[in-house]
Novice: 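Below you will find the structure I want to go over with you.
Hydrogens, waters and symmetry mates play no part in the numbers below; they use all other heavy atoms, side chains included.
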Amino acid sequence: MKTSSSRRDFLKSTLAFASASCLIGPSSLQAEGLPLSGRRYVNIAPQAGIHFLHNNGAFGKKYLPETMGSGCAFLDYNNDGRQDIFLVNSMDFPGHSQRPTPSKLYRNNGNGTFTDVSREAGLDVEMYGMGVAVGDFDNDGWDDVYITGLGEAKLFHNDHGRYRDVTQEAGVNNTGFGASAAWFDYDRDGWLDLFVCNYVQWSEKGDIYCSLDGHTKSYCIPSAYQGESCRLFHNLRNGRFEEVTRQAGIYDPTGKNLGVAIIDYNNDGWPDVVVADDTQPNKLYRNNHNGTFTNIAIPAGIAYDQNGVARSSMGIAAGEFAGTDDPGIVIGNFSNQMLGLYENESHGLFINVAPQGAIGQDSRLSLTFGLFFYDYNLDGLMDIFAANGNIDPTIVAIQPQVTYAERPLLFRNLGQARFEEVGTQAGLTQKLVARGAAYADINNDGYLDVLLTTNHGPAYLFENTGPNVANAIRIHTVGTRSNRDGIDAVVGVRAANGVQRQRVHSGSSYCSQSELPLTFGLGRARQADEVQIDWPSGRHDTFRNLSANASYVIQEGGKILAKNSFQR
């Protein structure tokens, strides 16, 4: 495993600290008696002003795209320090209804409510949308938005809170069946590049008739259609991009790609790409440091299940859930396939630890789309949220144990890669046909809230409520030599409750984007003893004794631009 000398020194010091403090192993918060329950998610969408209804365009033909959409995002579109909400919508198929169902942008008012600003901000786009990725591609300090969809994609440049469609001039239109996307700086030149997943080759004219009973049409499985390759767009720094899919080694027309996450699996400082593939082998593209990638998913152990069969994978996320320096992977799969939870054993090898744990059994009947790692109770351990929902309303007639609407799952991290499903006690009791999912702190209390979309249904905004028994710090990165958002920066935090590392990332989950600032749970600790930021440029900044319960805006070069205390 390759690490920079600065990162290696940080790891040595933090591991020594953890060992001396008896912090390696299960959460120290249990030992000191900190309540790990008591947090509950409450849907506040209606009273918060989130009145959104997804339209999948269904009119009885059972077209494949109807089952897939769509995603959501948290972003600070107007740079006021509050996380706003973007919800991707689809539309009616030609010749059917054609009622307007644009995507929606909701401004966070800072008082628990949101205002629909879609039209005035220029994001009331009407297309058969699927996914969204957020990133400042021209380093002007304002986050831009990329929306994927069926047969087209759109890039919107943020002109100080007003968005302008620059798709054609930027050269990033994706004419396939677009799904998830992610911004990242794969060549570390300080400018964000764009990775786009494509699903299958589908059109109304080319729609295939499938039937389960021989009499009525049903939704076809993905194997009925030809796949499509992901696409990689290189930022030319002048507002334009060049597609480099083939020369970068990404091209693979057999793929049926739905989810993408950026991961530095071998800690060499260069961002790699992991892709969730539906009925095809998952992919892990190793960054070769020269503009090319090599797919090493098979030897890494994430391409197939334990029986050598490709699973139906939708969403994907990366994070350090096992208390080591090596990031792991979680993948959402079809019902009867359970979640895939891959622990990074280093040396390019991953082991799926889901089957032997509660996480596998509790997710076996679920069909998981959106999912992510995050610390919902601020104990310093990365938990897992999974948004679930089947694709066919008649599934219960075929598989009585499987339902169309499914309850979201929340897996609390108990330490040592062990998890416990606590969704019901956390208030996640309603069955939904969920798709996209993202997280953010919408009210500046340090606890992470959850945004969730449903297919042909409303959006849900789950506020994380309960007693404020745990402390945290939030880090918002601002690059100078690196890209302005600090995407791909790795932040390490050492505190009395242990050592944590997180990556600033775009994409992940399913067709969705969580907030860019990072939240680190500190438990009872009243400060972060040490914070180190490893920037994509290669620079390393270190800070000591940062007080808890505050958000820090940190600029590359070692400068704290702002400190804002939590509202508790």
Novice: Look only at the side chain of T148 and the backbone of A179, and say whether a donor-acceptor pair between them is shorter than 3.5 Å.
Specialist: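 Here the side-chain-to-backbone pair exists.
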
Novice: Between R39 and E463, is the closest basic N to carboxylate O distance under 4.0 Å?
Specialist: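 Salt bridge between E463 and R39, a charged N being under 4.0 Å from a carboxylate O: no.
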
Novice: Should N174 and V172 count as side-chain neighbours, where that means a heavy-atom distance under 4.5 Å?
Specialist: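 Side chain of N174 against side chain of V172, heavy atoms only: no contact under 4.5 Å found.
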
Novice: Kindly indicate whether the side chain of Y186, heavy atoms from C-beta on, has any atom under 4.5 Å from the side chain of I262.
Specialist: no

Novice: Is the gap between the SG atoms of C210 and C220 under 2.5 Å?
Specialist: yes

Novice: Do V504 and L518 make a side-chain contact, defined as non-hydrogen atoms from C-beta onward lying under 4.5 Å apart?
Specialist: yes

Novice: With a 4.5 Å cut-off on side-chain heavy atoms, are V450 and N464 touching?
Specialist: no

Novice: Once you round to the nearest 0.5 Å, how far does CG of D278 lie from CG of L258?
Specialist: 5.0 Å

Novice: Can you sort out the partners of Y460 under ring pair (Phe, Tyr, Trp, His ring centres under 6.0 Å), two or more places apart, ordered by chain and number?
Specialist: F462

Novice: For a quick test of reading the model, state the closest non-hydrogen atom pair linking L451 to C72 and the distance between them.
Specialist: CD2-CB, 3.6 Å

Novice: Evaluate the side chain to side chain donor-acceptor pair (under 3.5 Å) criterion for residues S506 and Q513: first the C-alpha distance (whole Å), next the side-chain angles of each, then the deciding distance (0.1 Å), finally the verdict.
Specialist: CA-CA 6 Å; S506 170; Q513 168 85 53; 3.0 Å; yes

Novice: May I ask you to test the L378-F520 pair for a side-chain heavy-atom distance under 4.5 Å?
Specialist: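 No, every pair of side-chain atoms sits at 4.5 Å or beyond.
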
Novice: Between E515 and R474, does any NZ, NE, NH1 or NH2 come within less than 4.0 Å of an OD or OE carboxylate oxygen?
Specialist: yes

Novice: Can you sort out the partners of Y285 under ring pair (Phe, Tyr, Trp, His ring centres under 6.0 Å), two or more places apart, ordered by chain and number?
Specialist: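 For Y285, no residue satisfies ring pair (Phe, Tyr, Trp, His ring centres under 6.0 Å) once neighbours in sequence are set aside.
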
Novice: Does E421 use its side chain to pair, donor to acceptor, with the backbone of L410 at less than 3.5 Å?
Specialist: yes

Novice: Run the side-chain contact (heavy atoms from CB on, under 4.5 Å) test against E228 and tell me which residues pass, sequence neighbours left out.
Specialist: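 Residues passing side-chain contact (heavy atoms from CB on, under 4.5 Å) with E228: F177, N198, Q201.
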
Novice: Once salt bridge (Lys or Arg N to Asp or Glu O under 4.0 Å) is applied, do any residues pair with E406, and if so which ones, sequence neighbours excluded?
Specialist: none

Novice: Sequence neighbours left out, what passes ring pair (Phe, Tyr, Trp, His ring centres under 6.0 Å) with Y128? Give chain and number order.
Specialist: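 Y128: ring pair (Phe, Tyr, Trp, His ring centres under 6.0 Å) contacts with F93.
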
Novice: side-chain contact (heavy atoms from CB on, under 4.5 Å) with I298: which residues, sequence neighbours excluded?
Specialist: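 Expected list: A303, Y304.
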
Novice: Suppose we screen for ring pair (Phe, Tyr, Trp, His ring centres under 6.0 Å). Which residues come up paired with F373, at least two apart in sequence or across chains?
Specialist: F321

Novice: Who passes side-chain contact (heavy atoms from CB on, under 4.5 Å) against I398, sequence neighbours left out?
Specialist: L212

Novice: List the atom pairs, donor and acceptor, that lie under 3.5 Å between side-chain atoms in residues 270-277 and the rest of the protein, sequence neighbours left out.
Specialist:
{"unit_1": "D272", "atom_1": "OD1", "unit_2": "N287", "atom_2": "N", "d": "2.8"}
{"unit_1": "D272", "atom_1": "OD2", "unit_2": "Y265", "atom_2": "N", "d": "3.2"}
{"unit_1": "D277", "atom_1": "OD1", "unit_2": "K256", "atom_2": "N", "d": "2.5"}
{"unit_1": "D277", "atom_1": "OD2", "unit_2": "K283", "atom_2": "NZ", "d": "2.2"}

Novice: Answer yes if the side chains of N388 and T368 hold a donor-acceptor pair under 3.5 Å, and no otherwise.
Specialist: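 Side chains of N388 and T368: pair found under 3.5 Å.
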
Novice: List in chain and number order the residues that pass salt bridge (Lys or Arg N to Asp or Glu O under 4.0 Å) with R286, two or more places apart in sequence or in another chain; answer none if no residue qualifies.
Specialist: none

Novice: Step by step, work out the side chain to side chain donor-acceptor pair (under 3.5 Å) result for Q399 and N336.
Specialist: CA-CA 10 Å; Q399 300 183 50; N336 292 308; 2.7 Å; yes

Novice: With sequence neighbours excluded, tell me which residues meet side-chain contact (heavy atoms from CB on, under 4.5 Å) with V42.
Specialist: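 For V42 the side-chain contact (heavy atoms from CB on, under 4.5 Å) partners, ignoring immediate neighbours, are I44, T465.
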
Novice: Is it the case that the side chains of T294 and N288 hold a donor-acceptor pair, with the cut-off being a distance below 3.5 Å and no angle test?
Specialist: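 Indeed, the side chains of N288 and T294 share at least one donor-acceptor pair under 3.5 Å.
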
Novice: Mind checking whether F184 and L192 have side chains closer than 4.5 Å, heavy atoms only?
Specialist: no

Novice: Does the pair T454 and H54 meet the rule for a side chain to side chain donor-acceptor pair (under 3.5 Å), with working shown?
Specialist: CA-CA 7 Å; T454 61; H54 176 252; over 6 Å; no

Novice: Please work out whether the ring planes of Y376 and Y41 are parallel, tilted or perpendicular, with thresholds of 30° and 60°.
Specialist: tilted

Novice: Looking only at the side chains, is there a donor atom on one of N266 and H347 sitting less than 3.5 Å from an acceptor on the other?
Specialist: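 Short answer, no.
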
Novice: Does the side chain of F385 reach to within under 4.5 Å of the side chain of L409, using non-hydrogen atoms?
Specialist: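 With C-beta onward as the side chain, the pair stays apart.
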
Novice: Which heavy atom in A310 sits nearest to a heavy atom in P281, and how many Å separate them?
Specialist: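 Heavy-atom minimum between the residues: CB-N, 3.7 Å.
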
Novice: We want to know whether H505 and D488 form a side-chain donor-acceptor pair, criterion being a heavy-atom distance below 3.5 angstrom.
Specialist: no

Novice: Answer whether the closest heavy-atom distance between the side chains of S70 and C511 falls below 4.5 Å.
Specialist: no

Novice: What do the steps show when you test N390 against T403 for side chain to side chain donor-acceptor pair (under 3.5 Å), and what is the final call?
Specialist: CA-CA 7 Å; N390 214 285; T403 60; over 6 Å; no

Novice: With sequence neighbours excluded, give me every salt bridge (charged side-chain N to carboxylate O under 4.0 Å, His left out) pair touching residues 293-322.
Specialist: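 Applying salt bridge (charged side-chain N to carboxylate O under 4.0 Å, His left out) to every pair that reaches into residues 293-322, excluding sequence neighbours, yields E320-R501.
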
Novice: Are N333 and S312 close enough that a side-chain donor and a side-chain acceptor fall under 3.5 Å?
Specialist: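 No, no side-chain donor-acceptor pair sits under 3.5 Å.
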
Novice: Centroid separation under 6.0 Å, is that true for the rings of Y439 and F372?
Specialist: yes

Novice: Can you see which heavy atom on A387 is nearest to which on L452, and at what distance?
Specialist: CB-CD1, 3.8 Å

